[in-house]
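All figures in this text were calculated on a predicted structure; none of them were measured in a lab.
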Amino acid sequence: MRQLLDHWTNIRHPEARLDSPLKLGAEYRFDLQFFAQDPDKTEEATPKRKADARKKGQVAKSTELNSVIVLMGLFLILNFVGEWFFQELFSYFRKMLSPGQVNIELSDTNLRMILLTQVIFFGKIFLPLGLSAMVIGFAVNYIQIGPLFTLETLKPKFNRLNPLNGFRRLMSAQGLVEFAKAALKLTIVGYVTYGTLREQSGALLQFLDQSPLRVATEIWRILYRVATKVCTLLLIIAILDFYYQRYQHRKSLRMSKREIKDEMKQQEGNPQIKGKIRQRQRQIAMRRMMQEVPKADVVITNPTHYAVALRYDAQTMSAPIVIAKGEDFIAAKIKEIAKENDIAIVENKPLAQALYRTVEIGEAIPAELFQAVAEVLAFVYRLRQNRQVR
């Protein structure tokens with residue numbers, strides 16, 4: 001496929017290549033990679049990547065779902081309190097348009113009283129709706145993304161002022177989806193509104209000789225019917241949009257295998273550095289262990305592969321403890337230090353293997369080895385006494 005494209009490019013534009021921007025005429029240049037996505041990001045995001053994105057406010061959330069549910073909630077609330085709402089508005093306008101209010105003198109005192117009256121009235125009827133919308137919006141957000149508080153989304157992002165980035169977002173898959181949603185919503189609202197008004201056109205003409213409150217009630221009934229149909233259809237779109245946003249969010253957080261490896265290195269440390277640290281720790285532990293060998297009472301050997309140094313103090317210890325052990329080179333080093341410090345070396349293959357495999361450095365020997373170790377220690381103590389007598 002690559003060869004065919006190269007061949008086509010050479011025929012149509014000999015000076016162009018697929019790995020360079022395609023020249024169109026003498027003035028315009030178009031980069032074929034403008035719309036490309038990173039093909040290397042094929043791995044699902046790690047928990048750390050998701051947590052970091054959440055801290056920055058990057059979460060899977062549908063604003064369509066928020067808007068639709070808030071709108072539905074407000075219409076439901078108005079449907080229950082609509083009669084009171086319209087009565088209050090009707091009383092307000094009747095009072096404000098009365099001759100006494102129209103002809104009132106606009107002095108400083110009267111103007112302050114009028115403004116205070118307006119603020120109190122509109123606050124009384126609209127503040128509950130505003131608070132209800134805020135509570136509903138908060139609840140929908142909480143259901144979508146859970147508890148989250150971050151100021152990262154409030155920070156200015158000057159790269160959004162770049163027209164090239166704006167064009168990139170506009171022509172991206174996300175931009176096309178947003179355009180399709182907007183067109184679909186506009187179509188639904190227009191079609192449902194037109195269809196409902198067409199059905200109710202005859203009934204609307206009969207309201208002309210009714211009282212204002214009656215007319216407002218009937219108009220609200222028609223409006224509520226339109227809103228119910230529109231919100232139901234928009235809710236379906238919003239639910240689909242919610243799952244689409246989750247998919248897009250997971251897709252945007254995808255990582256390449258190299259990014260995952262780099263993250264593991266950051267979390268766990270560089271393997272080479274960790275290896276050097278472990279090597280240094282082993283060297284320190286080995287040096288400390290070798291410093292304990294001169295304190296041993298006996299070194300039990302395999303005789304060549306294993307060496308285990310034991311120490312026992314009847315006044316402070318309930319059982320002998322292993323103060324050093326090793327195999328091959330380390331075993332030879334333990335025996336060398338034991339000889340330099342005149343420590344008894346006893347060959348006992350089964351006991352040496354059992355001690356090496358079952359007892360860690362600094363631990364007491366298990367009960368099942370008491371008898372064998374006691375015999376070795378008794379033998380060592382007799383040797384010491386014989387040396388002292390001589």
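For the pair Y194/V226, no side-chain contact is recorded, criterion being any heavy-atom separation below 4.5 Å from C-beta on. Side-chain contact check for I237 versus L234: some heavy-atom pair is nearer than 4.5 Å. In this structure, L351 and V373 have side chains that are in contact, with non-hydrogen atoms separated by less than 4.5 Å. Using a 4.5 Å heavy-atom threshold, the side chains of E363 and V322 count as separate. Contact of the T358 side chain with the L369 side chain is registered, since non-hydrogen atoms from C-beta on lie closer than 4.5 Å. Between I239 and F242, the closest side-chain pair of non-hydrogen atoms is not below 4.5 Å. Contact annotation: the side chain of I361 never approaches that of I321 to less than 4.5 Å [non-hydrogen atoms, C-beta and beyond]. Within the 4.5 Å cutoff, the side chain of K325 has heavy atoms near those of the E360 side chain.
Here the closest heavy-atom approach between residue K339 and residue I345 is recorded as CG-CD1, 3.7 Å. Residues V293 and A324 approach most closely at CG2-CB, 3.7 Å, considering heavy atoms. Across A307 and V299, no two heavy atoms sit closer than the pair CB-CG1, 4.2 Å. L74 and A133 make their closest contact through CD2-CB, 4.0 Å (heavy atoms, listed as atom of the first residue, atom of the second, distance). Heavy atoms only, all atoms of each residue included: L377 and P320 are closest at CD1-CG, 3.8 Å. What you find for A60 and Q245 is that their closest heavy atoms are CB-O, 4.1 Å.
In this structure, Y247 and Y244 have tilted ring planes: the angle between them lies in the 30° to 60° band.
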* To do: Apply side-chain contact (heavy atoms from CB on, under 4.5 Å) to F370 and I365, showing your working.
  => CA-CA 7 Å; F370 279 180; I365 64 173; 3.5 Å; yes
* Could you give me the CA-CA distance, side-chain angles and deciding distance for L223 and F75, then say whether side-chain contact (heavy atoms from CB on, under 4.5 Å) is met? => CA-CA 10 Å; L223 181 61; F75 271 103; 4.2 Å; yes
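For the residue pair Q144 and N66, a side-chain donor N or O sits within less than 3.5 Å of a side-chain acceptor on the partner.
Between the side chain of S252 and the backbone N or O of H249, at least one donor-acceptor pair lies under 3.5 Å. The backbone N or O of Q315 lies less than 3.5 Å from a partner atom in the side chain of D313, making a donor-acceptor pair.
For the side-chain contact (heavy atoms from CB on, under 4.5 Å) criterion with L65, the lone passing option out of N141, L235, D241, V70 is L235.
Taking CD of Q353 as the start and OG1 of T301 as the end, the distance is 11.0 Å to the nearest 0.5 Å. Taken to the nearest 0.5 Å, the CD1 atom of I188 stands 11.0 Å off from the OG1 atom of T193. Separating the CE atom in M289 from the CD1 atom in I284 is a distance of 14.0 Å, to the nearest 0.5 Å. To the nearest 0.5 Å, atoms CG (L355) and OH (Y306) are separated by 12.0 Å. The structure places CE of M255 at 8.0 Å from NZ of K48, a figure rounded to the nearest 0.5 Å.
Other residues, nucleotides and ligands contribute only 12 or fewer heavy atoms inside 6.0 Å of the NZ atom of K333.
Of the charged side-chain nitrogens involved, none lies within less than 4.0 Å of a carboxylate oxygen, so that E292 and R311 do not count as a salt-bridged pair.
Listed by chain and number, the hydrophobic cluster partners of M134 are L127, L131, where partners are ILVMFWY side chains within reach of under 4.5 Å, directly or through others.
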